[in-house]
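Both ligands and their constituent atoms are indexed starting at 1 by order of listing.
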Amino acid sequence: MANASRHDLVVIGAGPGGYVAAIRAAQLGLNVACVEKEAALGGTCLRIGCIPSKALLDSSELFEKAKDGLDAHGVKVSGVELDLVSMMRRKDKVVKGLTAGVASLFKKNGVTHVRGAARLVAPGTVSVVGADEGTLSAKHVLIATGSEPAPLPGVEFDGRFIVSSEEALAFAEVPRTLLVVGAGAIGLELGSVWARLGSKVKVVEFMDRIVPLMDKELGAALKKILEKQGLSFQLSTIAKSASVAGSEVRVTFEAAGKTSTESFDKVLVAIGRRPYTMGLGLEDVGLTPDAKGRIDVDEHFATSVAGIYAIGDVIRGPMLAHKAEEEGVACVETLAGLAGHVNYEAVPNVVYTWPELASVGRTEEECSEQKREVRIGKFPFFANGRARAMEERDGLVKIIADAKSDRLLGVHILGPRASDLIAEAALAMEFGSSAEDLARTCHAHPTLPEAVKEAALAVAGRSIHI
Ligand code: FAD
């Protein structure tokens, strides 16, 4: 890389926020460089997050189904064995294919990939240390440096016994016992993977419910289902301290003023993530992160320093790959003179357990806190023909609509492939649909989305199939 190469836009970080922003900006005719400190492109999501976790969820789901999930279909399978090495190899191959794909997309779109760690030297000037050492100058700089696992004081990561999601995606053997601290999406997904592969999994959560940001009713239903799958839960409990003795971790819990201790082979701390800005030189350009480490931005993702923007996990809002992508696109479209915008009301959120839990918009609790008058329609999957054919009876669709206007306020789905089903709801919310719009849309039969239509009909008290 030539020293002081000049660009319209320098993006720092090639996660889903950064790489998508870089590609969109290049499509719009900007001269773009994207700096990434890791060897592979794709960020947390592709390397150590969304993609490898879903690869293991899919593999472990198949393992479990082959082991004891096919009898009802009249399929007898015997001699099912786990080959963890192959399962991990497949996961790594999926990751490799997709991260290499980002490199090809950069080439195709003319984005300059700069290998190294970036540091802000001054507005418009970025120094890079690494394979492509040098200085970049740019009209605009976009920070997309993402996040890292939040540490838990007293239960410190050691990378071997007390681990973050990164190591829990690559255990060399199935732990006999696994403690998951934190009942959010990451904890429940990885807890499910290892429970399916044979671990005895216990989940402790500081709040009095699992997936605290999701609809309470559906979260409680998911907990019951996961308990049937063998996960155990201890809510309103704090993991206070942990120490490694031999090949075990001894963990002290505190619940309702009482302490107890228990030992585990591995402990996964999944209490959330925090913005990552280490070594970025924010202070050198006059940027101070807020108390949670986030970079403050306005509605166009501009920071308080002219020419510097930020998106994704490093700013406010849910830490989700698709939210980062949308922000990246909106930010660079604004820079190119278009009307970039993100509708935060219609950002879906998914927990990829089985069944999956997906939601978009407001929960019933949020509506009641906001004193909104609502009408709610529900439809259970046991009454859906396709779900019955699939032998998937658990879960329901819950639709919340404004009582007067009938406009959709939130859609919550616990059920098979809820991650796919929520797309229809997100689209409907984006278009400002009413529950009646959804209810009057012709849905193919027999399909899982018919459960969404039926829940929309239920808002007006006129479900057909229940
Ligand atoms: P990141 O993906 O974190 O990318 C930031 C990039 O910046 C990294 O590649 C980093 O190396 C680079 N970087 C940082 N500092 C510098 C520097 N100074 N110089 C150069 N490069 C730098 N989200 C979902 O939506 N769906 C899911 O199913 C999902 N599953 C997840 C599962 C797990 C186990 C984890 C950990 C996360 C999951 N997430 C999921 C969250 C998702 O991964 C993040 O929200 C998303 O990656 C954020 O994108 P980003 O571009 O903001 O940051």
Side-chain angles (χ1 to χ4, degrees), residues 10-22 33-58 91 95 99 102 113-120 126-132 136 141-150 163-170 180 182 184-193 268-282 294-295 301 310-329 331 347-353 356-358 419 422:
V10 167
V11 180
I12 305 178
Y19 85 73
V20 169
C34 182
V35 193
E36 173 55 56
K37 67 180 174 56
E38 299 292 335
L41 300 171
T44 303
C45 174
L46 268 63
R47 289 189 309 106
I48 49 170
C50 326
I51 296 300
S53 59
K54 267 79 250 178
L56 289 183
L57 279 157
D58 283 333
K91 172 209 69 176
V95 168
T99 56
V102 177
H113 172 193
V114 180
R115 292 162 302 159
R119 188 181 174 88
L120 296 159
V126 173
S127 74
V128 178
V129 174
D132 293 328
L136 305 169
V141 175
L142 175 56
I143 302 171
T145 50
S147 61
E148 62 178 352
V163 302
S164 72
S165 52
E166 182 168 357
E167 294 84 17
L169 285 165
V180 176
I186 294 176
L188 295 184
E189 289 176 17
L190 290 174
S192 293
V193 165
L268 162 62
V269 176
I271 57 164
R273 296 179 61 83
R274 63 178 184 192
Y276 181 84
T277 54
M278 207 204 296
L280 192 58
L282 290 181
R294 298 173 299 200
I295 298 175
F301 309 100
I311 53 155
D313 281 11
V314 82
I315 66 166
R316 75 303 189 252
M319 288 188 173
L320 294 169
H322 43 281
K323 174 255 190 193
E325 289 182 27
E326 295 302 323
E327 289 179 342
V329 169
C331 177
V347 174
N349 194 357
V350 180
V351 183
Y352 295 80
T353 44
E356 294 173 335
L357 175 57
S419 57
I422 204 68

| request: For the residue pair D313 and Y276, establish whether any side-chain heavy-atom pair is separated by less than 4.5 Å. | output: no

Are any side-chain N or O atoms of E36 and backbone N or O atoms of E38, one a donor and one an acceptor, separated by less than 3.5 Å?
-> yes

**OP:** Answer yes or no: is there a donor N or O on one side and an acceptor on the other, between the side chain of E325 and the main chain of P16, under 3.5 Å?
**Re:** no

Checklist entry - Is the side chain of E167 donor-acceptor paired with the backbone N or O of S164 at a distance under 3.5 Å, no angle test? => result yes

Could you go through ligand 1 and list every pair where one of its N or O atoms sits under 3.5 Å from a protein N or O, giving the atom names and the distance to one decimal?
| unit_1 | atom_1 | unit_2 | atom_2 | d |
| --- | --- | --- | --- | --- |
| ligand 1 | 2 (O) | T44 | N | 3.0 |
| ligand 1 | 3 (O) | T44 | OG1 | 2.6 |
| ligand 1 | 9 (O) | E36 | OE1 | 2.7 |
| ligand 1 | 9 (O) | E36 | OE2 | 3.0 |
| ligand 1 | 11 (O) | E36 | OE2 | 2.6 |
| ligand 1 | 11 (O) | K37 | NZ | 3.4 |
| ligand 1 | 18 (N) | A118 | O | 3.0 |
| ligand 1 | 19 (N) | A118 | N | 2.8 |
| ligand 1 | 21 (N) | K37 | N | 3.2 |
| ligand 1 | 23 (N) | A321 | N | 3.4 |
| ligand 1 | 25 (O) | A321 | N | 2.8 |
| ligand 1 | 25 (O) | H322 | ND1 | 3.3 |
| ligand 1 | 28 (O) | K54 | NZ | 2.7 |
| ligand 1 | 30 (N) | K54 | NZ | 3.3 |
| ligand 1 | 45 (O) | D313 | OD1 | 2.9 |
| ligand 1 | 45 (O) | D313 | OD2 | 3.2 |
| ligand 1 | 45 (O) | M319 | O | 3.3 |
| ligand 1 | 45 (O) | L320 | N | 3.2 |
| ligand 1 | 45 (O) | A321 | N | 3.4 |
| ligand 1 | 47 (O) | C45 | N | 3.3 |
| ligand 1 | 51 (O) | P16 | N | 3.4 |
| ligand 1 | 51 (O) | G17 | N | 2.9 |
| ligand 1 | 52 (O) | D313 | N | 3.0 |

Next on the checklist: So does G312 get a backbone contact from the side chain of K323, meaning a donor-acceptor N/O pair under 3.5 Å?
Outcome noted: yes

Q: Please check if the side chain of R273 supplies one atom and the backbone of S147 the other of a donor-acceptor pair under 3.5 Å.
A: yes

